[in-house]
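Notes to accompany the following structure.
One-based numbering, in listed order, for ligands and for the atoms of each.
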Amino acid sequence: MNIHIINGPNLNLLGVREKSIYGDSSFETYLAGLKSRYPDVNITYYQSNVEGELINKLHEIGFSEDGIVLNAGAYTHTSVAIADAIAAITTPVVEVHISNVHKREEFRHHSFLSSNCKGIIVGFGMDGYRLAIESLIVK
Ligand code: DQA
């Protein structure tokens, strides 16, 4: 089974950025644990701060892989283009947010992406990526 994790802007700074909200682990450290927990799942990771690069990646993998776990960061709340890319592809996408966006500023309450995703996992910290993988394994 091939699952891709895609992180959007500023998520390269996990472990450094706003630790009280996002925790103190880097994504690379977390990912190593995730890969050893799911040895039978081929987990690939991609991160970009650039909207068009995220769209290109969705197009590249979105017709052949088993699942995509997407945390589009702030683009979640702004990007019709990423929403359209998710609608265009056939691979199921699970939207993840580390923080509970509904407890935060009003502008974080709306996602352009959710209605085109298989489901959403919000507010469980980094463990949200694992929960998303579980949901894709179960199908
Ligand atoms: C985030 C929530 C977004 O509102 C924010 O812009 C992020 C991270 C999360 O994982 O909680 O960059 O997607």
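Between Ser99 and ligand 1, a contact under 3.5 Å exists for at least one N or O pair. Any N or O atom pair closer than 3.5 Å counts here, and Thr76 shares no such pair with ligand 1. Annotation: Val101 places no N or O atom under 3.5 Å from an N or O atom of ligand 1; distance criterion only. At a 3.5 angstrom cut-off on N or O pairs, Ile98 counts as close to ligand 1.
At a 4.0 Å cut-off, at least one heavy atom of Asn71 sits close enough to ligand 1 to count as contact.
Looking at Glu95, Met126, His77 and measuring to atom 3 (C) of ligand 1, the nearest heavy atom belongs to His77.
A 6.0 Å sphere centred on CZ of Phe124 holds no more than 12 heavy atoms belonging to other residues, nucleotides or ligands.
Defined by atom type and a distance below 3.5 Å, a donor-acceptor pair is present between the side-chain atoms of Gln47 and Asn49. Side-chain N/O atoms of Glu60 and Tyr46 include no donor and acceptor closer than 3.5 Å.
Residue, atom and distance of the protein heavy atom nearest to atom 8 (C) of ligand 1 are Tyr22 OH, 3.4 Å. Nearest protein heavy-atom contact of atom 5 (C) of ligand 1 is Arg108 NH1, 3.3 Å.
With hydrogens and angles disregarded, a donor-acceptor distance shorter than 3.5 Å links the side chain of Thr90 to the backbone of Gly62. Using a distance-only test at 3.5 Å, with no hydrogens or angles considered, no donor-acceptor pair links the side chain of Tyr30 to the main chain of Ser25. Side-chain N or O atoms of His77 include one that pairs as donor or acceptor with a backbone N or O of His110 at under 3.5 Å.
Proximity to Arg17 (heavy-atom distance under 4.0 Å) selects the following atoms of ligand 1: 7 (C), 12 (O).
Using a 4.0 Å cut-off between heavy atoms, His97 contacts ligand 1 through both its backbone and its side chain.
Ring pair Tyr129/Phe27: centre-to-centre distance below 6.0 Å.
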